[in-house]
Structures are given as structure tokens and as C-alpha cells.
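Both counts, for ligands and for their atoms, begin at 1 and track the order of listing.
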Amino acid sequence: MDPYKYRPSNHFDAPYWTTNSGVPVWNNNNSLTVGSRGPVLLEDYHLIEKLAQFDRERIPERVVHARGATAKGFFEVTHDISHLTCADVFRAPGVQTPVITRFSTVIHERGSPETLRDPRGFAVKFYTREGNWDLVGNNMPVFFIRDGIKFPDMIHALKPNPKNHLQEDWRIADFFSHVPEAMHMFTFLQDDVGIPLNYRHMEGFGVHTFTLINKEGKITYVKFHWKPACGVKCLLEDEAVTVGGSNHSHATKDLYDSIAAGDYPEWKLMIQTMEVADEDKFDFDPLDDTKTWPEDIFPLQPVGRMVLNKNPDNFFNENEQVAYCPALIVPGIGYSDDKMLQTRIFSYADTQRYRLGPNYLMLPVNAPKNVHHNNHHDGVMNFMHRDEEVNYFPSRFDPVRHSEKYPYQNMKVSGNREKMCIAKENNFAQAGARWRSFDPARQNRFINRIAGMLTAPRVTQEVRRVWLGYMSQCDSTLGQKLAAKVQAASQM
Ligand code: HEM
């Protein structure tokens, strides 16, 4: 073995304590001092290294989705969709691909309770034979906004007030009074599914429209759905108070304990598909992430199953350092022109270069498990062993060539340069239909929650009026009932 070749450090390979540079430590109890009482000498390198390492243990938490839990397992194809996509991960029924999945809450800090009303992240990294594919979704099928330029403002409004660090309804109501397209998402967030029982009992959605590309280069629009084998279950407010009051990490614990007990969580992967030629035929824009595709027109088709059967070996390595990114797709899967998706393609890798450093994709949890060859090199914390002399392309000395060409999206793109909203906003119809699909008790719980927000301190009459207008456009009965509730509550 080459003694100079980089070897990942493993503290179990020495029978005694060492410094980070491998020097034996003979006393890990006492600092080096003048006499037994001190002062402490600066030359105690081991002490300084130990403190310095400790002082740097924390990395920036994710700017959103800071609180989360991961588990590992596999995805298995159960139904053949090779006519739709040449993606290697879907090549044939029975094929298994390793995955790491992270569930998360969105708004609050890394240590915040897991019982708060919030969307839940549902991010899956597939280690395919043709590179890593990340499906970075949520437990709700739509999103608040349809243009990423609003994302930082939206998150600021939902996060704590910068002055007092408290999440405040008046800021949320105020911001979203300018965002009518968010009403559909509110029929999920302020519905019972706004507080899932735990991570095992929730659905997952890719949310955006992606594309599948087959061997012949045919492109089909697709939406991805995860359906939990154990069904969807939620907590009502008083249940959430009880659960959260006894354990603020109840969902992480539930996931960990069930895997440790051999009760492996499982989800079915389903897809909805749409011919690209049909995209203008509906009263909504199929690339608008504030919309669902009606399941009677676009039925759910089974594709595979995901089983999570292994807990993380180390939370920091596999939860804090895992980096999901919607830009990570593989041959056979493509982006659509959904503006939100396009914005996300930039944002994740950007924050990860900051949060984890420029070589974050070399970390074992993020690195591809297949092959890897390019001329990107060096940079902060680069720990890859390279011994090539040719680090430029093209070269007659480097035998590595381009991969075989795979079908890609070569659709024609044309249009004027614009800064404007999509034509078919249709902000309220699906929200109204969803509220009408609830039973009366569930409808009332929804109304109570929205009324609670609208009657919170500092919510102005103007903001209330705008919200009532939006809700009435979703459904006139909803609007009337909400108005009555708001009026009664504001007179109390
Ligand atoms: C995490 C940005 C929309 C799901 C993140 C992170 C950023 C971000 C910066 C932190 C990533 C990290 O530090 O590793 C954005 C922007 C969006 C957007 C700019 C809109 C343009 C969405 C949407 C969804 C979503 C629509 C759901 C479909 C997630 C999930 C995570 C995440 C699940 C956590 C991934 C993990 O577990 O590490 N987002 N996001 N985001 N986002 Fe988004």
C-alpha cells in the first residue's frame, strides 16, 4: 500500500488517543500548566486543537428545512416505464437502486419541534448507475408561489420577525394578501395535513412538472407522487400540543425506532403523465406549481416502491451534510420550463457551496456511487486523491472520452424577453374544489385556522378584506362562513 496515499481518518484504527495528525496523546485529562494550578501553556497543542475543533463543530444550518431526519434504503421498479424514459433507474421491473431520504420541516430552526404546522420536505437521493438523481419534494402537491423571485420574501414573512424572533401571523397574512396564487397551498397547510402524525404517515410530491425522455427522444411531462404504505395520518392541534410537549423530536424518533424494530417504512412511487402537445388544452397551466393535475384525466400510474430499512450511521454526516438539489437529474429525466423549478436549479447548489464548501459533492453521502471523471479540481477541503498529469480537455494523453450521447430535450424555445406572470393564473378554482371536498367538520377546522390568522394582533382590516375576497373567489360559501367567523372573533 502506498503510505502517502490519502486514507480517510478513522478513529477506531488506533488503540490509543491521538491528535488529528496521528501523534499519540498520553494525557487527555490534564492541560499543560505551570505547576499543578496553572496558568495554562499555549504550547499545549493537543488542548488547542481539541478546543479549536470543538469551536468549529457547527456549520450553517440550512436556510430552510433545517430540521430533518434521514434514512437509507432502496427504490425498486415494480412497473415497466421504459417506453417513457431511458433513465437507467427505471430500466426494468425488479431493478433496485440505493437511496437516502430526508424528511424535514421548513421554517424553523434545526432544533425546533416537529409538531409545528408547516409543509414537510420529502427529498430522495437515488444513487443510480448514471449518477445521482434527487427528487426534492414536499408532502403537499402544490406550492405557495409560481415564480422563484418571490421565494426569499415569502420565507422572510413565514420565518420569525427579525426584531423579536417570533413567527407572527400579521406578517404572514400581510405577505400572502399580495399572493392570490397561494390560496391552493393554504388549503393544504391550514387543512389537517398541515401537521402530519410523523414522517412515515405522509405523502410526498415532486410538485413540479418534470419530463421523461425515452430512447427515441420523445418527451412526456410527468409529476411524481409518493404514497405511504401505512396511509396518511395527521395530528389535530390539541394532539400536536400533547405529542410535541412530551417530545419535540417525535417524528425523528418514530422514523428511527420503526427502522430499528424492522418495521420498515415504505412508499409507492406513482406518476401522472401528460403529452407535451396537450399542454394548452386545460384551464390551468400544467407547468404552474400552484396547480395539481386532475387525477380523473391524468390517472396515477404505479412505477415502484421505496423501502427505508437502514438508519443513518452518523447524523452529522448523513443528515447535516447531505445535499439535495433539484438540478441533479439523470439521462432520461429532464426539467420543465416551470419557473420555480428553474430558480431552484440555481439556488440549492449555490447554498450548498456556502453551507458545506465548494467540494461538498465529494462528501461520501453526496458523491456518486458510479464513476466520476472531470477536470474540476482543488479548492477548499479537497480530499480526493488525484495523480493525473493531464487536467485539461481535449488531450491526446487522456484516454477518457465523452459518454455515449443520450437523448436530451431539444425542443424549440422562442419568445420575447419578458418579466411577467403566466397567462392562465386561475388562482382559485382548485382551492375551492379542494375545500368543497372536505367533510363539514374538516371545512370548519380549515375556516377556524384561517380566521385565527386573520384575527391575530396587528392584522389590518385591509388585509382581512383582501383575504376574504380571495376565499370568496375560491368558494362563495367558504367566503361567507369565514367572514362570519372573522367578524365574531374580532368582536370578542
Ligand atoms: C431546501 C431554496 C422551493 C423543497 C432548500 C434550501 C434552499 C431552498 C436554499 C436549502 C438547501 C440546503 O441547504 O441544502 C428554494 C428556492 C425555492 C424553493 C429558492 C423556490 C424557487 C421549494 C419547493 C419545494 C422545496 C417548491 C418542494 C417541491 C425543499 C426541500 C428541501 C429544501 C425538501 C430540504 C432538502 C433537504 O432535506 O436537505 N430549498 N426552495 N423547495 N427545499 Fe427548497
query: To the nearest 0.1 Å, how far is atom 18 (C) of ligand 1 from its closest protein heavy atom, and which atom is that?
result: F151 CE1, 3.3 Å
query: Has R386 got more than 12 heavy atoms of other residues, nucleotides or ligands less than 6.0 Å from its CZ?
result: yes
message: Is there a polar contact, in the sense of an N or O pair closer than 3.5 Å, between N138 and ligand 1?
response: no
message: For atom 4 (C) of ligand 1, what's the nearest protein heavy-atom neighbour? Residue, atom name and distance, please.
response: R344 NH2, 3.2 Å
- prompt: Nearest to atom 28 (C) of ligand 1 by heavy atom, L135, V322, D350, V207: which?
  reply: V207
- prompt: With under 30° as parallel and over 60° as perpendicular, where do the rings of F126 and W133 fit, or are they tilted in between?
  reply: parallel
- request: Flag this pair as yes if the NZ/CZ of K223 is under 6.0 angstrom from the six-membered ring centre of F205 and inside a 45 degree cone about the axis; otherwise no.
  value: no
task: Report the nearest protein non-hydrogen atom to atom 37 (O) of ligand 1: residue, atom name, distance rounded to 0.1 Å.
output: R102 NH1, 2.7 Å
- line: Per side chain to side chain donor-acceptor pair (under 3.5 Å), N427 is matched among K424, E425, Q430 by E425
message: Under 4.0 Å, heavy-atom basis, I'd like to know which part of T351 is in contact with ligand 1: side chain, backbone, both or neither.
response: side chain
- request: Verify the neighbour count for atom NE2 of H156: are there more than 12 heavy atoms of other residues, nucleotides or ligands below 6.0 Å?
  value: no
- line: Of all protein heavy atoms, the one nearest atom 20 (C) of ligand 1 is M340 CE, 3.3 Å
- line: Among Y348, Y354, Y360, closest by heavy atom to atom 8 (C) of ligand 1 is Y348
query: Within the distance-only criterion (no hydrogens, no angle test), does the side chain of Y406 pair as donor or acceptor with the backbone N or O of G332 below 3.5 angstrom?
result: no
query: For S104 and ligand 1, does the shortest N/O to N/O distance drop below 3.5 Å?
result: no
- request: Using distance alone, determine whether R62 and ligand 1 share an N or O pair under 3.5 Å.
  value: yes
- request: Could you check atom 6 (C) of ligand 1 against the protein and tell me its nearest heavy-atom contact, residue, atom and distance included?
  value: V64 CG2, 3.5 Å
R355: numbered ligand 1 atoms lying under 4.0 Å from its heavy atoms: 12 (C), 13 (O), 14 (O)
message: Whether the side chain of R91 engages the backbone of D88 through a donor-acceptor N/O pair (distance < 3.5 Å, no angle test) should be reported.
response: yes
- request: Please could you name the atoms of ligand 1 that T343 approaches to less than 4.0 Å, counting only its heavy atoms?
  value: 21 (C)
- line: In ligand 1, the atoms that come under 4.0 Å of a heavy atom of G148 are 21 (C)
task: Give a yes/no on ligand 1: does G68 have at least one heavy atom closer than 4.0 angstrom to it?
output: no
message: Under a 4.0 Å threshold between the charged nitrogen and the carboxylate oxygen, would E109 count as salt-bridged to R67?
response: no
- request: Hey, can you tell me if F151 and F143 have their rings parallel, tilted or perpendicular (30° and 60° cut-offs)?
  value: parallel
- prompt: Does F188 have R434 sitting over its ring (NZ/CZ under 6.0 Å from centre, angle to axis within 45°)?
  reply: yes
Shortest protein contact, atom 33 (C) of ligand 1 (heavy atom only): G137 O, 3.2 Å
message: Any carboxylate oxygen within less than 4.0 angstrom of a Lys/Arg side-chain nitrogen, looking at R117 and E237?
response: yes
- prompt: Just checking, K291 and F284: is the charged tip under 6.0 Å from the six-membered ring centre and within 45° of the axis?
  reply: no
task: Please work out whether any backbone atom (N, CA, C, O) or any side-chain heavy atom from C-beta onward of V63 is under 4.0 Å from ligand 1, and answer side chain, backbone, both or neither.
output: side chain
message: Taking 4.0 angstrom as the limit and counting only heavy atoms of G121, give me the atoms of ligand 1 inside it, by number and element.
response: 33 (C)
Geometric N/O contact D289 with ligand 1, under 3.5 angstrom: no
Atom 43 (Fe) of ligand 1 reached by S347 (N, O or S, under 2.8 Å): no
F205 contact mode with ligand 1 (heavy-atom cut-off under 4.0 Å): neither
message: Any salt bridge linking K253 with E114? Criterion: basic side-chain nitrogen under 4.0 Å from a carboxylate oxygen.
response: no
- line: Nearest non-hydrogen protein atom to atom 32 (C) of ligand 1, with distance, is H65 CD2, 3.1 Å
